[in-house]
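One structure is given below, encoded as structure tokens.
Each chain gets a letter, A, B and so on, in the order its sequence line appears, and its residues count up from 1. This one's a predicted model, so the numbers in the text were calculated from it and none came from an experiment.
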2 protein chains.
Amino acid sequence: MGTHAKVLKAGQMSLAKPTFPAPDHDHGRCTAEAMTHAEQVCARRAQKFTPIRRQVLQALLSSHRPLGAYEVIDELAKSMPRPAPITVYRALDFLMANGLVHRIESRNAFLACAHDHDETSMVAFLICDHCGSVGEIPAAPVAQSLTAAARASGFVPKLSVVEIAGTCAHCRK
Amino acid sequence: MGTHAKVLKAGQMSLAKPTFPAPDHDHGRCTAEAMTHAEQVCARRAQKFTPIRRQVLQALLSSHRPLGAYEVIDELAKSMPRPAPITVYRALDFLMANGLVHRIESRNAFLACAHDHDETSMVAFLICDHCGSVGEIPAAPVAQSLTAAARASGFVPKLSVVEIAGTCAHCRK
DNA sequence: CGGAATTCGTAAGCAAGCTTATTATATCCC
DNA sequence: GGGATATAATAAGCTTGCTTACGAATTCCG
């Protein structure tokens with residue numbers, strides 16, 4: 001069997017790129033794009049994109065797998081004196097506050113947000129149990145029905161966590 | 001607010017209660033019910049509802065708030081020699097395997113399942129940021145659309161985590 | 001009864017996640 | 001320049017979540 005180079009049905013939602021990164025995609029370029037996007041976001045908001053913040057984001061971008069804080073530290077340690085936890089946590093807080101990084105609750109881990117999705121719209125995470133990589137899918141319609149159901153019981157939703165574990169297309173062979 | 005269709009198997013009670021527990025509800029009775037339900041489930045499945053398992057469930061039932069493993073230990077320590085972590089984790093595993101307890105991923109905590117909901121159907125959790133209590137809402141329709149969206153990108157979902165943080169009706173005053 | 005299987009207790013330990021406290025270094029802006 | 005403000009580094013430590021290893025107790029069942 002050759003590569004199951006199945007072209008993903010692009011008809012899905014309103015997302016240009018495939019929601020799941022192909023294992024052979026041009027990762028260098030995809031991280032570069034994410035970095036310039038981060039720069040733009042920070043510039044627009046007059047936030048300082050300092051070296052340590054940049055390096056933490058870079059570490060997270062090194063894969064499409066969520067990394068625990070200590071994994072980030074290990075990653076950074078390869079190219080600089082090992083940073084203290086607090087240093088990394090501060091950078092992560094900053095990156096999350098600016099929508100550049102997501103926290104994957106069910107894994108206690110952090111994921112660089114690869115796409116430039118609308119900040120207000122909700123996303124769901126697809127977490128592959130096999131290769132560990134994570135895809136994002138827009139979950140606006142889902143969010144709507146969830147929100148409606150929640151409100152029906154007098155609950156005012158603020159933040160939603162939708163994380164789905166399973167097997168991604170590339171590992172399902 | 002919509003009345004969601006209740007398709008229940010014989011022997012199961014209905015989901016007639018509000019999804020969120022009122023602060024002044026008859027908690028003694030609600031835990032008693034949950035205990036007898038647990039007994040029935042265990043009996044039906046020929047599982048042993050041992051004292052320690054019973055006590056762990058009781059501890060979780062002491063509030064509608066999810067408790068961390070160590071909080072459970074603290075709770076148990078009030079009425080017995082402090083149990084070791086492994087003891088509690090074993091009981092929790094058992095209770096989860098039998099659908100009597102949920103794990104709240106975003107909190108690393110455990111919650112006694114108050115209602116007797118259909119085991120196959122999916123639930124979403126509403127977590128109040130203020131009082132910490134948790135309500136459950138049926139999320140079958142949501143699950144369906146999520147699953148469909150996931151499959152569209154070649155992903156095969158196995159386990160879904162839907163946890164919504166916000167403010168409950170009783171704290172919103 | 002007596003062996004097998006399940007459950008429980010004891011003891012110890014480890015890694016991850018996150019924090020507090022304090023001092024140093026940039027950066028901004030007047 | 002120089003004070004105020006934001007950011008980072010250093011150092012230390014705490015809590016929680018969870019595990020391994022192993023022996024004792026209990027229960028099941030032929």
Next item on the list: Using a 4.0 Å cut-off on protein heavy atoms (strictly under), produce a 5'-to-3' string for nucleotides 22-30 of chain C with B for base contact, S for backbone-only sugar-phosphate contact, and - for none.
Entry: ---------

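- Listed by first then second residue, pairs satisfying ring pair (Phe, Tyr, Trp, His ring centres under 6.0 Å) with a partner in residues 148-173 of chain B read A/F20-B/F155, not counting sequence neighbours.
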Next item on the list: Test B/L61 against B/M35 for side chain to side chain contact (heavy atoms under 4.5 Å, CB included), laying out the working first.
Entry: CA-CA 9 Å; B/L61 283 167; B/M35 286 307 284; 3.8 Å; yes

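- To the nearest 0.5 Å, atoms CZ (A/R54) and CZ (A/F49) are separated by 5.0 Å.
- We find that CD of A/E105 is positioned 19 Å from P of C/dA16, with the value rounded to whole Å.
- In the displayed structure, A/Q144 atom CD is contacted under 6.0 Å by at most 12 heavy atoms of other residues, nucleotides or ligands.
- When the shell of 6.0 Å around CZ of B/R82 is examined, it contains more than 12 heavy atoms from other residues, nucleotides or ligands.
- Across all strands, B/I52 comes closer than 4.0 Å only to sugar-phosphate atoms, never to a base (heavy-atom distances).
- For B/R82 and A/R103, each mapped to the nucleotide of DNA chain C holding its nearest heavy atom, the one lying further toward the 5' end belongs to B/R82.
- Summary of the strand contacts: A/Y70 and A/F94 both lie near DNA chain D, and taking for each the nucleotide with the nearest heavy atom, the more 5' one is attributed to A/F94.
- With rounding to the nearest 0.5 angstrom, the CE atom of A/M80 is 7.5 Å from the OG1 atom of A/T87.
- Between the CG atom of A/L92 and the P atom of C/dG17 there is a distance of 11 Å, rounded to whole Å.
- For the helix from C/dC1-D/dG30 to C/dC30-D/dG1, the rotation axes defined at the first and last 5 base pairs enclose an angle of 30°, given to the nearest 10°.
- The distance from atom SG of A/C168 to atom NE2 of A/H64, rounded to the nearest 0.5 Å, is 12.0 Å.
- Ion pairing between a basic and an acidic side chain is recognised when a charged N comes within 4.0 Å of a carboxylate O; B/D129 and B/R107 show such pairing.
- Nearest-nucleotide positions on DNA chain D for A/A84 and B/R107 put A/A84 closer to the 5' end.
- Atom CG in A/L67 sits about 15 Å away from atom C1' in C/dG17, given to the nearest Å.
- Which of D/dA8, C/dT7, C/dG17 sits closest to the side chain of B/T50 comes down to C/dT7.
- The A/I86 side chain lies nearest to D/dA11 when the options are C/dA11, D/dA11, D/dG17.
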